[in-house]
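Okay, so here's the structure we're looking at.
Chain letters run A, B, ... following the sequence lines, proteins first and then strands; every chain starts at 1.
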Amino acid sequence: MTKLWINMGPQHPMTHGLWNLKILVDGETIVDAEPVLGYLHRGVEKLCERRTYNQIIPLADRLCYVSSLCFAHAYCLTVEEMMDLEIPERAKYLRVIALEMQRLTSHMTWLMAIGPDVGLITLLLYCLREREYFLDLLQLQTGARMNQNYPRIGGVAQDIPPNFEHKVNKIFEKFKVRVKDYHKVTNESSAFLKRMQGVGTLSVEDAIAYGVTGPNLRGSGAKRDMREHDPYEVYDELDWEIQVRDEGDSLARFHVRMGEMLESCKIIRQALKKMPDGPINVKAPLRPEGQSFRRTEDSRGEVSYYVVGNGGESPYRLKVRSPIFCTMNVLPKLLRGVNIADVLAIMGSIDVCIGETDK
Amino acid sequence: MNEEEVTEQLKRDFPEGISDFSFPRRGMLRFSADRDRLKDICIRLKDIGFEQISLISALDWREHFECVYHITSYSFGIVAEVHTKIPLDDPKVDSVTPVWPGANFHEREAYDMMGIVFEGHPDLRRILLPDDFTFYPLRKNFREGE
């Protein structure tokens, strides 16, 4: 049969953003694939060279519009390492709470988006409803639903309001019940399982070699999480489990994220109990010098920054490692041999965010 | 293996072309590699157990370019940070994509933004900017709006 290149995107329900997936098809089977990126490129790395260290925090927020706090936090962590700055214990706990809340909202957005991908509009409506609860909590803590600008170099912007723990517990109790509803429409539905099970299988060796990280790597059976392997803030003092699945298919990635949501609830509850009193901020130097590299676990994978300072007001060079940019690399390998109709389920399970991919 | 043992191993394998070892913090190893030995060093690192390439950053130091490779070993819990100097008039370095397929997009991005040519890369094209752009925006001599 004649082979044919098809453009899925830049405007396509599969893309969840603005990018183009070119696929070479032979009948219904994909022979080759090529992601075309750059539609959302804003030149963040160049912009950072003209801004002071503090002005970069809101810019880092806008790298990923779904989990902005993780990117701003990773930036602050890297710069603090360069400045050799130890932040107060309470600020560390506050960061962990905000980060996990952001992970919850991010995973809710993913669950919301995967619904229509496999023909489940119900899931979209359910998740939009519950995501709002977490955004409310995030707003209570940081002051904004999205693009919070919450972490600071040397601490966080503000403390949690009184009665925060009570509100968190109330919403988490409600959420625990709702998760059962999600499982009813997904896991217990044969239509959903047929779309997800055994589709888009990625082996551990390939996943590691191609630079896949985060839930997508854990869905392939590698027990790797930066919160455990390169602990930052207070993750090593809290009790939680890495979610791993061995199958490597779309359903495995789905289960990893579903499990992570409940783990995040666990982490937030513990952090709220263990959090000591004290200051939430320390003063940071304005013109640091040196270089540093830190890795953190975003809701999509490993977010790292490499920052070089030469004693000026702004960094000499700042490099962002965005997880989905690296995961895109594996798409030709992952999509070879699958049917066109399965692309939606596979891409939905990968959780694409173009803001961070295109930088 | 820990950082010191990896250092000893590398010093044994490469008497020349590798220098300036330092340990910025626990689980991190920093060293410089000569441009022409870089690929051999990377192949050796992969054999030792550095499975994943995390990041390739290109820097413009005005006198020369520099490529910084962050290579992760999950089994040892170490990141190796390899610095390689690249002259301004000949911005070429061996590609490590044949060693780690994950380096593909990082190298394309470094080419796109800094104009460093990775020799042996299977498909070196611009990735974020349009194909017909003629400039490399992250170079320090690039002026926006001109």
Side-chain angles (χ1 to χ4, degrees), chain A residues 34-43 45-47 49-50 81-82 84 204-213 217 222-226 228-231 290-295 302 304-308 310 316-323 325-330 332-333 357-359, chain B residues 22 24-28 30 46 50-62 66-81 83 97 99-110 112-114 123 125-131 133 136-140 142 144:
Chain A
E34 189 203 332
V36 181
L37 308 172
Y39 290 91
L40 226 60
H41 181 59
R42 292 146 290 166
E45 287 173 10
K46 186 76 182 174
L47 286 170
E49 293 177 8
R50 294 288 176 84
E81 159 123 353
M82 186 165 77
D84 218 359
V204 194
E205 295 79 22
D206 283 342
I208 292 176
Y210 279 84
V212 178
T213 47
L217 178 59
K223 200 173 178 185
R224 270 143 205 195
D225 193 316
M226 282 307 140
E228 167 106 11
H229 285 93
D230 193 359
Q291 49 177 316
S292 64
F293 173 75
R294 275 314 286 262
R295 305 180 288 173
E302 182 191 324
S304 326
Y305 280 79
Y306 175 58
V307 183
V308 180
N310 63 345
Y316 188 76
R317 176 82 166 94
L318 182 142
K319 180 88 181 88
V320 191
R321 181 206 198 268
S322 42
F325 180 76
C326 308
T327 307
M328 286 284 186
N329 200 1
V330 81
K333 179 104 193 161
T357 307
D358 285 351
K359 292 185 267 252
Chain B
S22 66
R25 68 186 173 93
R26 204 176 61 81
M28 195 150 175
R30 183 178 287 160
K46 186 170 184 188
F50 284 78
E51 314 106 330
Q52 195 173 54
I53 185 133
S54 286
L55 187 63
I56 298 176
S57 333
L59 278 82
D60 181 357
W61 286 108
R62 292 181 206 272
E66 187 176 21
C67 265
V68 183
Y69 298 75
H70 287 96
I71 305 159
T72 306
S73 166
Y74 284 115
S75 35
F76 310 143
I78 309 176
V79 186
E81 188 178 300
H83 292 247
T97 307
V99 187
W100 295 282
N104 183 346
F105 275 22
H106 293 300
E107 289 185 344
R108 277 179 69 183
E109 196 193 348
D112 193 359
M113 297 296 160
M114 204 65 93
D123 180 26
R125 282 177 294 135
R126 286 187 179 267
I127 184 163
L128 293 178
L129 299 176
D131 288 337
F133 270 34
Y136 302 109
L138 277 178
R139 286 188 178 177
K140 290 286 177 189
F142 170 75
E144 303 94 290

Worksheet item: Taking the six-membered ring for Trp, are B/W100 and A/Y210 ring centroids under 6.0 Å apart?
Response: no

Item to complete: Determine yes or no for a side-chain-to-main-chain donor-acceptor pair under 3.5 angstrom, with A/N329 supplying the side chain and B/P101 the backbone.
Response: yes

Discussion item. Report which part of B/V68 has an atom under 4.5 Å of a heavy atom belonging to chain A: side chain, backbone, both, or neither.
Written reply: side chain

Fill in: Interface moiety of A/M226 toward chain B, non-hydrogen atoms closer than 4.5 Å
side chain

Item to complete: With rounding to the nearest 0.5 Å, note down the distance linking CG in B/L138 to CD in A/E49.
Response: 5.5 Å

Discussion item. If the condition is side-chain contact (heavy atoms from CB on, under 4.5 Å), which residues does A/A222 pass it with, not counting sequence neighbours?
Written reply: A/V204, A/L217, A/R224

Fill in: Non-hydrogen side-chain atoms of B/E81 and A/Q291 separated by less than 4.5 Å
yes

Worksheet item: Side chain, backbone, both or neither: which part of A/T357 has a heavy atom under 4.5 Å from chain B?
Response: backbone

Worksheet item: Do any N or O atoms from the side chain of B/Q52 and from the backbone of A/V212 form a donor-acceptor pair under 3.5 angstrom?
Response: yes

Worksheet entry | NZ or CZ of B/K140 within 45° of A/Y316 ring axis and under 6.0 Å | yes

Worksheet entry | Top of A/G290, A/G43, A/A209 for chain B proximity - count of heavy-atom pairs under 4.5 angstrom | A/A209

Discussion item. So, taking the atom named CH2 in B/W61 and the one named CZ in A/R317, what distance separates them when rounded to the nearest 0.5 Å?
Written reply: 10.5 Å

Worksheet entry | Residue, of B/E51, B/R126, B/H70, that accumulates the most heavy atom pairs under 4.5 Å with chain A | B/H70

Worksheet item: Within a strict 4.5 Å, meaning less than it, do heavy atoms of the A/C326 and B/H106 side chains meet?
Response: yes

Item to complete: Classify the angle between the aromatic ring planes of B/F105 and A/F325 as parallel (below 30°), tilted (30 to 60°) or perpendicular (above 60°).
Response: tilted

Worksheet item: Given a strict heavy-atom distance threshold of 4.5 Å, which part of B/R30 is in contact with chain A: side chain, backbone, both, or neither?
Response: side chain

Worksheet item: Which residue out of B/P24, B/G27, B/S54, B/A103 racks up the most heavy-atom pairs below 4.5 Å with chain A?
Response: B/S54

Worksheet item: Can you tell if the side chain of A/Y39 reaches within under 4.5 Å of the side chain of B/L128, non-hydrogen atoms only?
Response: no

Worksheet entry | Proximity breakdown for B/D60 and chain A, heavy-atom pairs closer than 4.5 Å | backbone

Worksheet item: How many angstroms lie between atom OH of A/Y305 and atom OG of B/S57, to the nearest 0.5 angstrom?
Response: 13.0 Å

Discussion item. Using every non-hydrogen atom in the two residues, find where A/E302 and B/Y74 come nearest and quote the distance to one decimal.
Written reply: OE1-OH, 3.7 Å

Worksheet item: Checking heavy atoms, do the side chain of A/D230, its backbone, both or neither come under 4.5 Å from chain B?
Response: side chain

Fill in: Side chain proximity check, A/K319 to B/I56, heavy atoms < 4.5 angstrom
no

Item to complete: Taking side-chain contact (heavy atoms from CB on, under 4.5 Å) as the test, write out the residues that go with A/E34, two or more places apart.
Response: A/K22, A/V36, B/R125

Discussion item. Among B/V79, B/I53, B/L129, which residue has the highest count of heavy-atom pairs closer than 4.5 Å to chain A?
Written reply: B/V79

Discussion item. Does any backbone or side-chain atom of A/K333 lie under 4.5 Å from a heavy atom of chain B? Answer side chain, backbone, both or neither.
Written reply: neither

Response to the item:
Applying a strict 4.5 Å limit to non-hydrogen atoms, the region of B/R25 in contact with chain A is side chain

